[in-house]
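Numbered from 1 within each chain, the chains take letters A, B, ... in sequence-line order.
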Amino acid sequence: MNVDFDPSLEAFREEVCAFLDTAPTDAIREAGRKTTSVFAPFEATMEWHRLLYARGWAAPAWPVEYGGTGWSLEQRYIFSEEHWKRDLPPLLPNGLIMVGPLLMELGTPEQKRQHLPGILSGKDYWTQGYSEPSAGSDLAALSCSALADGDDYIINGQKTWTTLAHKANKMFMLVRTNRDGKKQQGITFLLLDRTDYPGMHIRPIIGLDGVAEQCEVFFDNVRVPQGGRVGAENEGWSVAKALLKHERGGAAHSPAIRRKLDAIRAAARDATASFGGPLSEDPVFQRDLGELEAEVASFEHVEKLVLSGHALADDPAMPSLNKVMSSELSQLLSIMMTRVAGIDALPLQLEALEVGSGVQPLGDPFSLVAMPYYLNTRAASIYAGSNEVQRDLISRNLQTLRA
Amino acid sequence: MNVDFDPSLEAFREEVCAFLDTAPTDAIREAGRKTTSVFAPFEATMEWHRLLYARGWAAPAWPVEYGGTGWSLEQRYIFSEEHWKRDLPPLLPNGLIMVGPLLMELGTPEQKRQHLPGILSGKDYWTQGYSEPSAGSDLAALSCSALADGDDYIINGQKTWTTLAHKANKMFMLVRTNRDGKKQQGITFLLLDRTDYPGMHIRPIIGLDGVAEQCEVFFDNVRVPQGGRVGAENEGWSVAKALLKHERGGAAHSPAIRRKLDAIRAAARDATASFGGPLSEDPVFQRDLGELEAEVASFEHVEKLVLSGHALADDPAMPSLNKVMSSELSQLLSIMMTRVAGIDALPLQLEALEVGSGVQPLGDPFSLVAMPYYLNTRAASIYAGSNEVQRDLISRNLQTLRA
Amino acid sequence: MNFEFSDEQVMLRDSLSRLLDQRYAFELRRRIMAGQAETGIWSELVDMGIVAMPLPEACGGLGGSASDIVAISELFGRHLVIEPLLPSVILTGRALARFDPAGPVPQWIADIGTGALRGAFAHEEGSGTGASSTLSTKLYEGEAGPRIRGSKKLVLGGGEAGVLLISALSETKAVCLAAVPADAEGIEVRRYRALDGRPVADILLHDVAVDRAAIMAGADAALEALLADARLALAAEAVGAMAVLMATTADFAGTREQFGRPIGSFQAIAHRLADMKIAYVKARASLLYIAALADSGRATSRDISVLKAQVGRLGREIAQGAVQIHGGIGMTDELPVGHYLKHILTIDGLFGNTDYHLREIGRVVAAA
Amino acid sequence: MNFEFSDEQVMLRDSLSRLLDQRYAFELRRRIMAGQAETGIWSELVDMGIVAMPLPEACGGLGGSASDIVAISELFGRHLVIEPLLPSVILTGRALARFDPAGPVPQWIADIGTGALRGAFAHEEGSGTGASSTLSTKLYEGEAGPRIRGSKKLVLGGGEAGVLLISALSETKAVCLAAVPADAEGIEVRRYRALDGRPVADILLHDVAVDRAAIMAGADAALEALLADARLALAAEAVGAMAVLMATTADFAGTREQFGRPIGSFQAIAHRLADMKIAYVKARASLLYIAALADSGRATSRDISVLKAQVGRLGREIAQGAVQIHGGIGMTDELPVGHYLKHILTIDGLFGNTDYHLREIGRVVAAA
């Protein structure tokens with residue numbers, strides 16, 4: 001990982017910049033500025049996905065034979081940095097980082113042929129059906145059932161926290177196909193090639209931030225083809241673990257986090273401290289910014305070492321370490337954002353936040369997104385394995401190593 | 001608790017001040033300035049105890065019939081405030097706050113006659129023999145045994161964290177008299193009227209701060225009279241709980257904590273910030289001082305409500321809440337002390353710390369004690385029921401109340 | 001003195017609790033805020049005497065003390081009440097009662113006390129209500145009498161008020177308070193809602209004529225008293241919200257199961273609950289003690305800053321803990337948890353946030 | 001580039017580890033520090049080439065890079081080594097190598113490299129080594145040549161040094177470095193030990209005559225390089241200490257039983273261990289990455305400040321956690337735990353503490 005050491009990468013950086021400076025439409029840029037979640041505003045982001053696909057850059061991390069770019073680690077890092085620097089909306093991760101790589105590893109030739117092109121091109125959006133009301137951190141307790149019936153499964157039950165299900169045309173999910181034995185057994189991994197099967201009902205859930213990002217999905221005798229199964233029946237837990245590996249081994253978080261800090265620094269130069277003068281010149285702000293900068297820097301160092309194949313990359317706790325570090329850093333940054341926005345973070349401005357609404361925010365664009373981002377980011381320590389569960393794993397691993 | 005509301009208390013305050021301003025010897029004042037622990041330097045503190053006894057003020061919290069002062073809660077609070085304001089050494093708590101009140105409640109007439117006068121007058125110092133190497137937070141796991149033999153017990157085993165045992169002439173301890181049943185059963189509470197019984201061996205332990213405050217005590221067939229037993233045999237756990245009630249229901253911690261903050265404020269006016277100017281005028285220091293002040297104030301408010309008989313006093317979790325709050329506040333204050341002392345906290349100055357050594361410190365008296373106090377205070381979240389155990393109790397109580 | 005509420009205060013709180021349980025339950029409140037239901041709660045508050053309570057007896061009020069205001073406001077916080085008792089009565093009404101009773105002022109106070117008129121206090125100018133010497137709104141002598149010029153932000157109840165109480169500096173930089181009818185020429189109002197649903201407004205004052213009888217010059221002390229009332233009442237609301245979050249989260253942790261047992265039996269959750277309890281005990285003790293100090297005229301601005309800073313910081317700790325322990329459903333608009341978080345964050349931003357007050361405390365005590 | 005130590009560095013570390021395991025074990029070290037045992041470790045370090053390593057090849061050294069210094073210093077931290085490699089060689093020797101080779105300077109460097117002479121760097125003046133423009137030590141032109149006047153505190157190895165390297169301002173406020181023999185007239189040395197046992201001294205300079213050939217004028221860059229070396233080496237020591245605390249505490253938590261099970265199985269302890277691991281991973285990654293930047297000449301003063309601040313803050317977190325998890329015995333002088341805590345706290349205080357560096361970072365990045 002020579003990104004800070006190899007000047008020869010600058011030509012590549014210029015090529016990337018040239019495209020990113022010109023290709024996005026106004027709506028795409030607006031969506032980027034109004035991104036207050038891991039999930040950027042849907043329509044404009046899918047449009048950007050399709051533009052990147054046309055340029056051949058939709059899936060830098062994919063192998064070339066599946067449509068990847070063939071870029072080096074350093075090039076991918078630079079692309080991500082420049083993408084974030086321009087506040088462009090990050091592509092939705094479910095297809096590119098989760099389902100796609102999983103199918104490359106475990107999908108049948110037919111599944112690959114059927115699904116990879118739509119993921120790559122931005123035609124399809126896959127929602128994730130994992131959690132249930134009684135199976136959150138304890139995912140293995142899931143009970144939504146699939147009963148084999150001829151060439152089909154018949155699904156009954158409920159999923160929740162299915163992100164953007166109301167916008168999705170595809171769904172991947174875990175279902176229970178056997179209730180005997182350990183609860184991790186008897187789970188099956190299914191792909192649904194439609195989200196409008198008879199008996200499926202999708203209900204959006206309004207979040208703390210006022211936005212309908214999550215959904216509940218209800219299944220009432222929903223008949224789906226068994227051809228959507230990935231891996232063997234009752235072996236879905238290990239399929240999910242394989243997927244998790246792709247999800248976590250994926251892109252670096254540093255460029256996104258660095259960009260948030262840059263936005264904070266810029267906003268602080270325009271903000272007035274409560275005791276007068278620019279906030280950026282306030283010693284108390286500087287100290288707290290210094291601490292954030294140090295934390296961001298250390299996180300970058302960890303990620304760059306891991307990407308470089310340093311021994312840290314082999315630490316089995318690294319996915320958990322990365323999850324805890326990145327989520328809690330995002331939360332710290334979100335708190336700092338609301339602090340810099342000050343009272344301008346307090347107006348409720350849901351309309352101004354909508355892409356294309358044409359409603360002007362009361363304050364500046366930074367203050368508009370600060371509070372929704374803070375609220376949305378409270379979830380970062382909850383989803384994808386709560387940070388309590390991650391700390392259990394980190395500690396267990398540490399004590400096992402030592403024992 | 002009208003201490004902040006009743007101006008008529010000022011005459012009493014003046015009486016207290018007059019004595020505290022004149023009575024202590026130079027050695028006592030030096031011991032107060034060099035107090036870096038809950039336990040002030042032994043000899044001078046015991047001397048101060050005897051002077052207060054002569055004035056009739058050794059045990060303000062005791063009932064008048066046992067030698068107490070008959071002061072109101074407010075008067076006791078004021079005495080404590082003025083005592084702390086002058087950096088006088090706090091009297092050692094084991095006799096006055098622990099053994100004395102316990103004997104008043106559960107001691108035999110003979111035990112009271114034998115032990116209370118020496119506690120009150122400052123003739124005796126009682127060390128506490130509770131913890132063992134394998135019984136710390138899990139005190140009930142203690143194994144130091146006492147076997148009844150005629151009118152005696154024969155003690156075998158080991159105690160540790162027996163504070164100032166090498167200075168003590170008395171000891172109270174928990175011993176195991178029965179190994180059957182639940183581990184809280186079969187424990188007996190014993191008073192030892194000497195610490196030099198044949199077979200007793202006391203070994204001081206040097207602490208992080210370089211001071212021998214704690215000791216190990218080894219018992220090798222030590223024969224002590226059964227007359228020292230408080231309560232029934234095998235009922236020592238409930239005796240210890242009764243003692244704990246006295247220990248925790250005792251004096252307010254606020255005046256000591258407030259005094260630490262005052263010392264910090266004064267030192268900051270003389271200290272130079274690393275970016276120049278007096279530390280007291282540095283905005284970053286001011287913010288952090290403001291947070292400490294707010295925390296100290298809230299803690300004072302809690303204690304004053306509790307002393308006043310507000311419903312808070314009836315919360316069964318209050319002893320644990322108070323322990324966690326006061327210990328962690330002391331730790332925060334100790335960190336701030338080292339921060340204000342800056343590099344002057346770094347010289348190792350064990351001789352200068354000794355009362356009567358005549359060795360001048362390299363820096364000022366505040367910097368001399370900052371680091372030893374910080375190091376000693378790391379124990380505050382460990383001893384007397386670790387803060388982990390206290391949080392368990394607080395939470396269990398909360399969830400029980402709600403369930 | 002044991003810092004408990006008096007028997008009268010307890011009775012009033014009991015009545016108010018019953019009213020709010022019936023007429024301001026969470027689901028009903030959501031419909032009210034969405035414009036899908038009406039509430040006659042304001043007139044009930046008038047009938048119960050709560051609206052008149054904070055005003056001095058000489059003005060037809062009940063002479064409510066600081067602890068009376070705390071007793072009521074704490075329940076408002078528990079029930080997420082956003083009725084305009086604070087801006088209209090506790091702030092504008094009580095402040096007007098300190099004016100010389102002349103011109104329109106006595107009638108305004110009377111109408112505020114009956115609930116017929118609403119007042120609002122326009123003070124914030126954008127960076128969090130710092131020292132009053134930094135106000136940029138100007139009260140100046142125009143050709144036909146005094147006028148006021150400036151802009152105010154995040155004015156609680158500013159869009160519904162009939163009379164606006166405005167802080168400003170005179171041409172000699174003296175702190176003034178001036179009251180004007182909200183429909184006076186030159187007043188431009190931009191209505192919106194704050195994060196927690198409170199109706200607020202930005203108010204532009206384009207050289208608005210002010211009745212000389214409705215000006216208090218040399219208003220430093222009055223403004224400080226006003227801000228102390230605001231901070232005390234908001235702190236009480238925050239503590240009320242914290243109490244609900246504590247109780248709700250402890251309940252939830254005791255019943256929600258994951259990995260085959262209640263999540264509250266996991267030490268990480270248990271200890272976070274313990275920390276929330278510690279935070280709550282500190283905040284509530286400071287509220288009650290400082291209210292008692294205020295009742296006896298002994299509360300300093302340091303005390304008030306301690307209270308505002310503590311509820312800001314400890315409230316955030318409790319609310320964030322509550323969301324985390326609730327997990328996914330704590331992230332939804334459908335549960336009260338998030339509404340309390342937003343209530344607490346909004347309160348923190350009003351009349352000086354945690355950071356401002358901590359620094360103010362530090363500045364004062366470092367020099368003392 | 002994967003930020004691992006090179007094969008040569010790994011071999012050197014293996015040899016050094018073996019030496020320290022044998023000749024600097026904890027109990028032996030305690031006896032050495034108490035004056036109850038002798039160690040020939042310094043001559044062993046000379047023989048192994050470690051003393052000469054940090055010096056440029058042109059001066060008879062091995063041309064050690066930043067990461068070479070880190071590779072060694074990290075092991076020093078693991079073993080609580082307080083031998084004067086840092087003050088004598090890494091600071092004084094390397095800085096002298098930047099002087100014009102004239103007068104006594106070349107011989108001093110040569111003798112430092114053979115371990116025959118010890119140097120010390122006298123810089124701290126009392127409030128934590130702020131900006132060099134605030135130095136109060138003066139280098140001035142006396143009647144018979146240059147002289148230096150001032151006082152320095154907490155000089156590492158200052159009591160044992162034969163040559164002192166002193167930072168000062170000239171009469172025109174230019175930053176200078178000056179080297180003088182420690183026995184020069186007018187030098188007063190007060191020896192003591194720092195918290196972690198390092199021999200240190202306060203040094204008073206009473207108009208000490210300086211050889212003109214041993215002065216570097218316009219030494220801003222040299223001083224910054226010197227401070228960067230100091231901070232990098234100390235950070236490496238801190239990370240070494242953190243590694244031992246991590247491992248020891250995880251071991252202890254896995255074996256120490258309370259309530260019938262290993263304390264590491266309690267989630268409160270387990271999560272604290274997890275936080276210690278997170279802290280360690282961050283600190284070590286920053287150490288290795290910034291050492292690599294330094295090797296390639298790309299480390300900025302911001303990078304160095306990030307590293308020093310992180311090891312200060314994260315080191316304290318780990319050390320305090322280690323003491324707490326060890327419980328009572330963690331509070332004794334008999335276990336290494338407390339010694340590591342004191343090592344980490346001492347390191348934090350040297351050449352700018354956490355607070356100083358965080359503010360320095362913030363100042364730079366807020367303006368950027």
Side-chain angles (χ1 to χ4, degrees), chain A residues 131 133-141 160-161 183 205-214 216 271-277 279 282 284-285 288 331 335 338-339 341-352 362-363 371-372 374-376 378-379 381-383 386-389 391-392, chain C residues 124-131 133-134 153-154 190 192-198 200 202 256-260 263 266-269 272 316 319-320 323-335 337-339 341-342 345-346 348-350 352-360 362-363:
Chain A
S131 296
S134 297
S137 289
D138 184 13
L139 183 61
T160 191
W161 320 131
K183 63 186 180 177
I205 303 170
I206 309 288
L208 280 193
D209 52 5
V211 177
E213 179 175 292
Q214 304 301 324
E216 291 180 303
T272 302
S274 57
F275 287 80
L279 186 59
D282 172 30
V284 175
F285 172 76
D288 295 348
Q331 291 180 334
I335 289 173
T338 61
R339 184 168 148 195
I343 69 149
D344 288 342
L346 293 182
L348 194 64
Q349 306 191 69
L350 293 178
E351 286 189 13
L362 287 165
M371 186 61 78
Y374 164 82
L375 293 168
N376 189 287
R378 300 314 311 161
S381 48
I382 298 169
Y383 60 56
S386 76
N387 286 16
E388 288 86 0
V389 170
R391 284 192 164 82
D392 283 344
Chain C
E124 173 67 55
E125 294 184 349
S127 54
T129 323
S133 60
T134 64
K153 293 175 104 167
L154 207 72
R190 296 186 190 151
Y192 53 95
R193 283 187 186 267
L195 179 64
D196 66 350
R198 286 178 214 253
V200 289
D202 288 354
R256 165 77 172 173
E257 297 202 353
Q258 292 276 278
F259 305 103
I263 61 169
F266 289 93
Q267 210 178 24
I269 305 293
R272 190 147 187 179
R316 180 188 287 263
Q320 291 185 168
V323 169
Q324 179 71 22
I325 291 174
H326 276 82
I329 63 161
M331 287 298 302
T332 71
D333 191 64
E334 298 172 8
L335 240 64
V337 182
H339 295 257
L341 166 63
K342 291 188 270 190
L345 293 179
T346 305
D348 186 45
L350 297 169
N353 66 9
T354 299
D355 190 58
Y356 172 79
H357 285 290
L358 290 179
R359 293 173 70 169
E360 191 61 21
R363 197 179 58 77

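Of the residues considered (A/Leu375, A/Asn387, A/Asn376, A/Asp209), A/Leu375 shows the highest number of contacts with chain C, using heavy-atom pairs under 4.5 Å. Among the candidates A/Gly136, A/Gly342, A/Ser386, the residue making the largest number of heavy-atom pairs closer than 4.5 Å to chain C is A/Gly136. Among A/Gly276, A/Gly210, A/Ala379, A/Ala345, the residue making the largest number of heavy-atom pairs under 4.5 Å with chain C is A/Ala379. With chain A as partner, the option from C/Arg256, C/His326, C/Arg272 having the largest number of non-hydrogen pairs under 4.5 angstrom is C/Arg256. Your options are C/Ala194, C/Gly128, C/Gly349, and the one with the most heavy-atom pairs under 4.5 Å with chain A is C/Ala194. Highest contact tally toward chain A, considering only C/Leu345, C/Leu335, C/Val200, is held by C/Leu345 [criterion: heavy-atom pairs under 4.5 Å]. Interface remark: of the candidates C/Ile263, C/Asp355, C/Val337, C/Ile329, C/Ile329 forms the most heavy-atom pairs closer than 4.5 Å to chain A. Counting heavy-atom pairs closer than 4.5 Å to chain C, the top residue among A/Lys183, A/Gln214, A/Arg339, A/Glu388 is A/Glu388.
Contact of C/Phe259 with chain A is made through backbone and side chain together, with heavy-atom distances under 4.5 Å. Heavy atoms of A/Leu362 lying under 4.5 Å from chain C belong exclusively to its side chain. For C/Asp348, no part sits under 4.5 Å from any heavy atom of chain A, backbone or side chain. Contact of C/Asp196 with chain A is not made at all, since no heavy-atom distance falls under 4.5 Å. Heavy atoms closer than 4.5 Å to chain A are found nowhere in C/Thr134, neither backbone nor side chain. No part of A/Asp392 comes within reach of chain C, as not one of its non-hydrogen atoms sits under 4.5 angstrom from that chain. For C/Glu124, the part sitting under 4.5 Å from any heavy atom of chain A is the side chain, from C-beta outward, and nothing else. Proximity to chain A (any heavy atom under 4.5 Å) is restricted, for C/Ile269, to the side chain, taken from C-beta onward. No part of A/Ala140 comes within reach of chain C, as not one of its non-hydrogen atoms sits under 4.5 angstrom from that chain. For C/Ala268, the part lying near chain A is the side chain, with the backbone staying farther off; criterion is any non-hydrogen pair under 4.5 Å.
Looking at every heavy atom in both residues, A/Trp161 comes nearest to C/Gly328 through CZ2-C, 3.2 Å. Smallest separation of non-hydrogen atoms from C/Gly260 and A/Asp138: N-OD2, 4.2 Å. For A/Ser137 against C/Gln258, the heavy-atom pair with the smallest separation is N-OE1, 2.8 Å.
Here the straight-line distance linking atom OG of A/Ser134 with atom CD of C/Glu257 works out to 9.5 Å at 0.5 Å rounding. Between atom CE of residue C/Met331 and atom OH of residue A/Tyr383 there is a gap of 9.0 Å, rounded to the nearest 0.5 Å.
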Taking it one step at a time, do A/Leu346 and C/Tyr192 satisfy side chain to side chain contact (heavy atoms under 4.5 Å, CB included)? CA-CA 10 Å; A/Leu346 293 182; C/Tyr192 53 95; over 6 Å; no

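C/Phe266 does not carry A/Arg391 over the face of its six-membered ring by the limits of under 6.0 Å from the centre and within 45° of the normal.
In terms of modelled atom types and a separation under 3.5 Å, the side chain of C/Glu334 and the main chain of A/Ile205 share no donor-acceptor contact. The backbone N or O of A/Leu208 sits less than 3.5 Å from a side-chain atom of C/Lys342, completing a donor-acceptor pair.
Side chains of A/Gln331 and C/Gln320: a donor-acceptor N/O pair is absent below 3.5 angstrom, by distance only.
Salt bridge status for C/Arg359 with A/Asp282: present, with a side-chain N to carboxylate O gap under 4.0 Å.
Heavy atoms from other residues, nucleotides or ligands lying under 6.0 Å from CZ of C/Arg190 number 12 at most.
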